[in-house]
Colleague: 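Quick one: this structure, given as structure tokens, is what I'll be asking you about.
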Amino acid sequence: MKELVIGASGLLGSYLFREGRMFGTYTHNQLPCLIRCDATDLVALERLIERIKPDIIYFPAANPHVDWVEVHPEEAKVINVDAPLGLIRVIRGRGIKLVYFSSDYVFAGSSGPYGEEDSPSPLNEYGKQKYFVEQQIDQYLKNYLIFRITNLYGFEKRGKNFAQNLICQLRVKKSVRVAKDQVSTPTYVPDLARAIREIAVRDYTGVFHLAASDYLSRYEFALGIADIFGLERELIVGVSTSELEQQAARPLQGGLISFKAEKLLNRSLLGVNEGLSEMLLEEKRYGRIC
Ligand SMILES: NC(=O)c1ccc[n+]([C@@H]2O[C@H](COP(=O)([O-])OP(=O)(O)OC[C@H]3O[C@@H](n4cnc5c(N)ncnc54)[C@H](OP(=O)(O)O)[C@@H]3O)[C@@H](O)[C@H]2O)c1
């Protein structure tokens, strides 16, 4: 079985890429063993697929910066919407399985955590773009998986994810304001990548929620990070989301329940204490980035 990760240089993509003998692409963040491919260039994308002839394409490629997407909806659409729609056209009728990544931001965040049966009603542009692509995939493809995921954390050289970024700020004694009223289900990326692959290589199709089950606020999560990494809790200041004045509205009571996936996998994903402890070990193994 041949597997291709489009966006293997990002947080989730890089861990997926390590799950097996895969082909992977980057766009700006060049890494060894990855092929350059801009997914917004449909001709290049089609050529790559013709050459590799994958059975499964994982598509974590996106611009997931929610506030940026809110302010630049048309520019964001090029990679977040047009690229996956182009990919649908390229693979339609070829039997290739598409594994796409959506978010709990497709929900309004008034009654999370959400199960697969709940109705999407996105609050912001990023959530709307994700939900639109989900609908297009469902309309045009049969052999697909859509994983809705949320609040990813893990050791990351580029330090973009919330946990990694917070660790770096606290290490230089910077005070950080964190929302007390945004509740979700933070998910450890290496564990998530393992679970995604386990489901993807089997015959399953459809929409799956995939997240850990600890349900906590960003503030509580931040305190947990400080405790496990031996950093000063006092630097973390709990505030309300409105005080952060973010450009995009946030679903406050978000998060996901992984009903279907837990049944298939016969396990739940790692809780926050276990995930953060593994992240600390990863940092020791690969060396601190900050
Ligand atoms: N992180 C989260 O908490 C979270 C939560 C819910 C859903 N998701 C979704 O999960 C997926 C993965 O998120 P992530 O956090 O791993 O994102 P990420 O770290 O920002 O990685 C994004 C990837 O997309 C690639 N990319 C960007 N523009 C591209 C283009 N024009 N053509 C091809 N590839 C391109 C990037 O390549 P270069 O870096 O080489 O440019 C990178 O490999 C996204 O769909 C995101 O919306 C993430």
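Note that the numbering runs from 1 along the sequence shown for the chain. Counting starts at 1 for both ligands and their atoms, following the listed order.
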Colleague: Under 3.5 Å, N or O to N or O, is Ala39 touching ligand 1 that way?
Modeller: yes
Colleague: I'd like to know if the side chain of Asn29 pairs up with that of Ser9 as donor and acceptor (distance under 3.5 Å, no hydrogens or angles considered).
Modeller: no
Colleague: Any N/O of Thr40 closer than 3.5 Å to an N/O of ligand 1?
Modeller: no
Colleague: Please state which option from Ala44, Ala62, Pro60 has its nearest heavy atom closest to atom 27 (C) of ligand 1.
Modeller: Ala62
Colleague: Is Tyr26 close to ligand 1, meaning an N/O of one under 3.5 Å from an N/O of the other?
Modeller: no
Colleague: Please report the shortest heavy-atom distance between Ala261 and Leu210, naming the atom on each side.
Modeller: CB-CD1, 3.4 Å
Colleague: Hey, does Ile79 come in under 3.5 Å of ligand 1, counting only N/O atoms on both sides?
Modeller: no
Colleague: Who's closest to atom 8 (N) of ligand 1 heavy-atom-wise, of Tyr126, Tyr105, Tyr153, Phe147?
Modeller: Tyr126
Colleague: Specify whether Phe101 and Phe147 have parallel, tilted or perpendicular ring planes, treating 30° as the upper limit for parallel and 60° as the lower limit for perpendicular.
Modeller: parallel
Colleague: Output yes when the distance from some N or O of ligand 1 to some N or O of Ile6 is under 3.5 Å, and no in every other case.
Modeller: no
Colleague: Hey, is the main chain of Glu156 close enough, under 3.5 Å, to the side chain of Gln164 for a donor-acceptor pair?
Modeller: yes
Colleague: For the 3.5 Å polar cut-off, considering only N or O atoms, please tell me whether Leu152 and ligand 1 meet it.
Modeller: yes
Colleague: Quick check: does Thr150 get an N/O under 3.5 Å from an N/O on ligand 1?
Modeller: no
Colleague: Kindly identify the option in Ala193, Ser102, Pro64 whose heavy atom sits closest to atom 7 (C) of ligand 1.
Modeller: Ser102
